[in-house]
Amino acid sequence: MNTKEIEEKWIKYWEENETFKTDINDFSKPKFYALDMFPYPSGVGLHAGHPEGYTATDIVCRMKKMQGYNVLHPMGFDSFGLPAEQYAIKTGNHPAKFTNENIATFKHQLKTLGFSYDWQREISTSDASYYKWTQWIFKRLYEKGLAKYVDMPVNWCEELGTVLSNDEVINGKSERGGYPVVRKNMKQWVIDIPKYAEKLLNGLDNLDWPLSTKEIQKNWIGKSIGALVTFKVAGTKEEFKVFTTRCDTLFGATYCVLSPEHELVEKITVPSQKEEVAKYQKECSLKSDLERTELNKEKTGVFLGAYAINPVNQKEIPIYISDYVLASYGTGAIMAVPAHDERDYDFAQKFNIPIIQVLEEVTGEVHENETKKNSIVAIVYDEEKDLYLTLNWHELGGRLFIGGTIKENESATSCALREIKEETGWENLELVHTLPIINHHYYAYNKDKYFNIESTGFFFKITKNSIKSETNLDDDEKFDIEWVPKDVIENEVKDSLHAKTFYYALNPGAMEGDGSHINSEFLNGLNKEEAIKKMIEWLEEKGLGKKQVNYRLREWIFARQRYWGEPIPVVHMDDGSIKLVPDEDLPLVLPELEDYSPSKTGASPLEKATNWVNVTVDGQKGKRETSTMPGSAGSSWYFLRYIDPHNDEKLADYKLLEHWMPVDLYVGGPEHAVGHLLYSRMWNNFLYDEGIVPYAEPFKKLVHQGMILGSNGIKMGKRYPEYSVNPMDIVDQYGADTLRFYEMFMGPLQADKPWNDNGVVGSKKFLDRVWNLYINENKLTDNDNKNLEKIYHKTIKKVTNDYETLNFNTAISQMMIFINAVYKEKEYPRYMALDFLKLLNPICPFITEELWQRLGNDASIANASWPVWDESKIVDDQIEIGVQVNGKLRASITIDVDLSEEEIKNKALDTDNVKKHIEGKEIVKIIVIKNKIVNIVVK
RNA sequence: GCCCAAGUGGCGGAAUAGGUAGACGCACAGGACUUAAAAUCCUGCGGGUGUAAUAACCCGUGCCGGUUCAAGUCCGGCCUUGGGCACCA
């Protein structure tokens, strides 16, 4: 088989005959729109991962076409981007030259692989005829106030000379290149995607997408429901709002924190603190994002000297600034509840701010007639030895810490010290933390009474001054004093009160879940949900706050200080106003430059095109915007343009969109979960709201292909070039069919899979086996062959269903089983041979076209109709089922399918090995699951 | 730390309304064809005890426990790997 010759022949045939041209206006058949994530045409051509997803959609498309669907299967290029620009900087050539050369290479390679794209619908985001409409959409966003020119802190990457959007920054470094990114205030174009947060969140519900991707989008949007609470600044007319999800803990708010950038800081700082505050603000502004997150261990901050008034109790509480409060989230200000937030706790400890507990954990089981009392649990820690002091009561109560009842007129602390001394003899300990009060219910066996206690926890440490004296214990105090490490406590301290107390000792401020409210006046006794509801009602009634939804999602930074992108179609007039470039002047085409290099100061290369930049509009002078749009602009709507790629009047005809959208199957990598896949949903939702497109959600079903790893199990790439595979080399050596077949057989589409050269050879062997069967073996016959009938119908069924659900590896294994069976036969009926070619065709279009023709067919197999199976021919009349005794397989029997339960039982019991295992035992029952298994239970 | 996904032979992977674990392929071993090799075709192939060979038995789907006549599949608790988020109030 000469794969090269065959492949070239059919590529030419399909092109000349327009085999895969979509008649977009033919609404008579059901439609199927399959979309691949279009590639960035890099200089190196396709990598091993491209053919995987592309083959997957191609298989489904080819099957759907044969099943009578009108299939739309387009391809294009995401052709704006940095590599082309860097090439232009180096060579002085226009980036378009480089881009077009690469597109030509990509297109050639894609054709070589046999994908059934309708190339007449090809688009390229850097074509002016395409980006005309990208600019047009931008204008609509601007008109609706969704594209905004604002002064705000943005991600500035010095090395790349541009600002970046949040999804392009990973751990404080640029996604591309890994260069440091800092926060910098710049006047920038942003898209107000948070306005669409709710729609983007709700829209996910009805999408057939991977759960993990939906989850990532949900987290990225980050909806939280809470309240906005107004705090007045004592002695001034100023006030500020805080966002909180736990307004029920307001009684425990003992200070407030503003972000260092908060606008109120200058106004309310008292004169004596001004210097220190200014110094701290400066320190924070110089920190990069990376430093700011890395240095999150030790809390820092400065007191403003000003006080806020807690609206629930009129108490004056200090106001600080600290960089643990982010300017960009919520209102940039918080109320701090150190008792129930670890960060606030750390800060309060460091600055000696009071801690008020307002939530109380309830442990144990509630009973009637409980006796109430107050008590303590004391934990004593030896830091040097890393051991904790416990009392081992053995069978009387297990391992516990020191406990005791608070006497009348005694404070909790002195009770704790007294109990420690009485029970263990230790004195002069250092109190590390007072732990939250726990409301505990229990039953005391020795007193036969139910108790309900308010237990205060204490965490003490032994110091050099600590002393131990002899103890004088009562007779009923039968315990051993044991010093044990942490893991022994975690395993052995079973009592819920003591275990919880220990947890709080190690995690101060961690009590932030549900609990019963205390110290909270009108909220006392309520749980979290009730208390939040009541507090919001109270705040709203008094005009001090209201219910508020907040999102983590931020503005989409929409400008890049680069050349190779869509020009933003606006003019900044000398009087400071902004004018849009009129629709009739679109596309606003990129000017040619002598020098494409960026500047370190944040100026776009376009500033050098002075003739282009300086314009007069309506007799007024102005300058064009010189930043360009990000790469994610053009890819946010390309799926619409495929439907009507040559339309000069509209981005796409509404009637066509109505018929063809949404995309039925979208395949691409999971790395676009919060970039492209969120941005395109936002644009499409916006265009829907504007009545430009007929459906809000663009992608009905989404599937992520996994990564093709090197044979070492590690991602292919620069690090391990010796393990990287160039798909074109595989095509040269084994043919495109083999590459497609192998990548589909490797494993589930969605999984990451290591490359294996032997696997490629194995795939080629199978295709050779098929070829030989049709060409060299004289088995083809016009007779029928009953031996193959069942497997033939089964194969059609399995392959059809597996293609539909994208389980290509198991479809292939079924085809192998079929071919193995044919090899064992003398005669291969012609109709089966033809139908098998149809089943294999979506994966291996070349070899199947060739064999189809050699079997005497004129037209392309792509136009043949998909085979159908006969369910009645699949049913077995005899099957083998297992026989178990007490759940262990002891035999298997062959039975007629319609055999009665009684007969199956008899047959099972009549088997030698089964007899052996039930001999002398009593049969308890016999379970017969029709056509599956028999299980005999004996005693 | 929080959220999500996944752990099955030497390897890639099959099998989930709970019902004979290891389909199919790779690798490996043996055989046929050949002067020979390659290619091709056929057979075997989870680990162990056992047998001349069969038979038969035991163990086995990351670990521990549970539910069930029956668990890779369901439940509880861990461990490991991958991905996402991370001072988000």
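Being a predicted model, the structure only gives us computed values, none of them experimental. Residue numbering restarts at 1 for every chain, and letters A, B, ... go by the order of the sequence lines.
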Presence of [X] side-chain N/O under 4.0 Å of [N] phosphate oxygens OP1/OP2:
X        : N     : value
A:Arg890 : B:C57 : yes
A:Asn219 : B:C88 : no
A:Arg554 : B:C88 : no
A:Asn776 : B:U40 : no
A:Lys888 : B:A71 : no

Pairing nucleotide - [N], Watson-Crick or G-U, each distance under 3.5 Å:
N     : result
B:G1  : B:C85
B:C26 : B:G10
B:U16 : none
B:C33 : none
B:G76 : B:C64
B:U49 : B:A56

Practice prompt. Find out whether the Lys NZ or Arg CZ of A:Lys195 is both under 6.0 angstrom from the six-membered ring centre of A:Tyr551 and within 45° of the ring's axis.
Written response: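 No; the conditions do not both hold, so A:Lys195 does not lie above the ring face of A:Tyr551.
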
[atom1] of [X] versus [atom2] of [N]: gap in Å, rounded?
X        : N     : atom1 : atom2 : result
A:Lys824 : B:U40 : NZ    : P     : 16 Å
A:Phe808 : B:A14 : CZ    : P     : 14 Å
A:Phe741 : B:G13 : CZ    : P     : 16 Å
A:Asn931 : B:U20 : CG    : P     : 12 Å

Worksheet item: Of all heavy-atom pairs between A:Met716 and A:Tyr723, which one has the smallest distance, and what is that distance?
Response: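 So the minimum-distance heavy-atom pair works out to CG-O, 3.9 Å.
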
Item to complete: State whether the number of non-hydrogen atoms from other residues, nucleotides or ligands found under 6.0 Å of A:Asn2 atom CG is greater than 12.
Response: yes

Discussion item. Can you confirm whether more than 12 heavy atoms, excluding those of A:Lys223, are under 6.0 Å from its NZ atom?
Written reply: yes

Discussion item. Should the side chain of A:Lys299 and the base of B:C87 be counted as holding a donor-acceptor pair, with the cut-off at 3.5 Å?
Written reply: yes

Item to complete: Ignoring hydrogens and angles, answer whether the base of B:C26 and the side-chain atoms of A:Asn758 contain a donor-acceptor pair closer than 3.5 Å.
Response: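 No.
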
Worksheet item: Can you check whether A:Tyr774 and A:Tyr828 have ring centres sitting under 6.0 Å from each other?
Response: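 Yes: the rings meet the under 6.0 Å criterion.
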
Counting the atoms with a prime plus P, OP1 and OP2 as sugar-phosphate, which does [X] contact under 4.0 Å by heavy atoms, base, sugar-phosphate, or nothing?
X        : value
A:Ile812 : nothing
A:Asn935 : base
A:His917 : sugar-phosphate

Worksheet item: Syn versus anti for B:G9, judged by chi lying within 90° of 0?
Response: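 Classified syn.
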
